[in-house]
There are 2 protein chains.
Amino acid sequence: MYIERMSTSERLIESTRELLWERGYVGTSPKAILEHAGAGQGSMYHHFKGKPDLALAAIRRTAEELRATAERVLAGPGTPYERIEAYLRRERDVLRGCPVGRLTMDPDVIASDELRAPVDETIAWIRHRIAEIVEEGKRQGQFAPSLDGEEIGAAVLATVQGGYVLARASGSPAAFDAGVRGLLSLLAPSTPGQRR
Amino acid sequence: MYIERMSTSERLIESTRELLWERGYVGTSPKAILEHAGAGQGSMYHHFKGKPDLALAAIRRTAEELRATAERVLAGPGTPYERIEAYLRRERDVLRGCPVGRLTMDPDVIASDELRAPVDETIAWIRHRIAEIVEEGKRQGQFAPSLDGEEIGAAVLATVQGGYVLARASGSPAAFDAGVRGLLSLLAPSTPGQRR
DNA sequence: GTCTATATCCCGATAGAC
DNA sequence: GTCTATCGGGATATAGAC
């Protein structure tokens, strides 16, 4: 990622993003960030008000990047089912978990409306985006009219977020893949183009 | 919970269980445990080798309790679908999250095979238990023969674990409930007793 | 068994030199 | 803008009195 070529401020944000992903907010100290970024104390407090301020910048960027990645897949080609399948099957660093979702288990993030906001917005956005695609599939007759877009959206996103939990518990991505296959087997149109 | 009536060792374990649930391993200090338990430093290091040893006792107990709670619901009355529904709909402290699943986001827990083991075993056990029930439903013709028990088990458990993530992100249990309803609408036999 | 005292290091932040 | 020095407090553990 050529982190050594970035400005100090950029290096601080990128280092924070990586450490937040790996160790969460509570487990990430300013000292660890500074060492990773190759900067001194003064730099950090010159560019940011403190740990929460730097974390906010990092979380916002990670959230925006995740949203863009999801949209690239969800707005891709194919039927509604195929686009949801593409989202579920997209390449992921499964054992690292979701850089946004993992923050919901961080007590200090959840306690701060400011830190939680980008997490909430990103997750709500992806869920709603899936819901729209489900509704599109219903109109096309690919999904049963009885399905609720928002509910299926929640189930799809939860399967992903929970899949990370299963995978990390077992130390293997296999459980994530199994959950995805299970959900897809339930969602799959029984005949292509038909209601189920 | 009458924590004040327990032995010192019991109070330490129970206090650790509560703090691990609330703040995770990294976010829980021996000092906080001692204050919560009303004990001094010496007591803790007399009964346990240190923080990891005390956490292990706490995690083992929480894991065993969760497994027992799940089994009570999964072994209950009703058809396979109804028992899975009962598991998904059972009363939960949704915004607190899963006391076992949340540990998978803790870097120090995942880094230790000893601390991770009870987490892994509990999650694998519940997943397999659901898989058995799905297979039973297949034999009874309630579920389609094309479904894979282990995959559906993974999807069901992932929906629960991911539901906590969605709920905590939004600060409301509604998203958890939506995911559960979404999954159930996909799993539901279209006619009672029929294959779908 | 439980307590207090102490040790060593890390945490998050500030001050002020350069 | 970046550095080092320093601060008050907390993390984790040990020592030793009672």
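Proteins get letters first, then strands, A, B, ... in listed order; numbering begins at 1 in each.
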Separation of C/dC10 atom C1' from A/R23 atom CZ, nearest Å, is 13 Å
Just N and O in the side chain of A/H46: are any of them under 4.0 Å from OP1 or OP2 of D/dC3? no
Report all interatomic pairs (protein N or O, nucleotide N or O of nucleotides 15-18 of chain D) with separations under 3.5 Å.
none

Could you go step by step and tell me if B/R181 and B/R89 meet the side chain to side chain contact (heavy atoms under 4.5 Å, CB included) rule? CA-CA 9 Å; B/R181 283 197 303 276; B/R89 292 199 197 271; 4.0 Å; yes
Among the nucleotides C/dC3, C/dG12, C/dC10, whichever has the atom closest to the side chain of B/A39 is C/dC3
Where A/G171 and B/R116 come nearest, the two heavy atoms and their spacing: N-NH1, 3.8 Å
B/R61 atom CZ, neighbour heavy-atom count above 12 within 6.0 Å: yes
Candidates D/dG1, D/dT12, C/dA13 - which lies nearest the side chain of A/P52: C/dA13
Which part of the nucleic acid does A/S9 contact within heavy-atom distance under 4.0 Å: base, sugar-phosphate only, or nothing? nothing
Using whole Å, what does the distance between atom C1' of nucleotide D/dA11 and atom CG of B/L54 come to? 15 Å
Whether A/Q142 side chain and A/Y81 backbone form a donor-acceptor pair below 3.5 Å: yes
Starting at atom CG of A/L34, determine the distance to atom P of C/dG12, rounded to an integer number of angstrom. 11 Å
Among the nucleotides D/dA11, C/dT14, C/dT2, whichever has the atom closest to the side chain of A/Y45 is C/dT14
Applying salt bridge (Lys or Arg N to Asp or Glu O under 4.0 Å) to A/K138 and not counting sequence neighbours gives A/E135
How close or far is atom C1' of C/dC11 from atom CE of A/M44, stated in whole angstroms? 11 Å
Counting only N and O atoms by type, is there a donor-acceptor contact under 3.5 Å from the side chain of A/S170 to the main-chain atoms of A/A167? yes
Taking the side chain of A/S43 as its heavy atoms from C-beta onward, which of C/dC3, D/dC3, D/dG10 lies nearest to it? D/dC3
What is the separation between atom NZ on B/K49 and atom P on D/dT12, rounded to the nearest whole Å? 18 Å
What nucleotide, of C/dG12, D/dT12, C/dT2, holds the atom closest to the side chain of A/S29? C/dG12
Taken to the nearest whole Å, CD/A/E35 to P/D/dT4 is 12 Å
Nucleotide nearest A/K51 when distance is taken to its side chain, options C/dT2, D/dT2, C/dG12: C/dG12
Which heavy atom of A/I33 sits nearest to which heavy atom of A/T16, and what is that distance? CG2-OG1, 3.5 Å
Specify the separation, in whole Å, of atom CD of A/E10 and atom P of D/dG1. 14 Å
Can you tell me the distance, in whole Å, between the CZ atom of B/F48 and the C1' atom of D/dT12? 16 Å
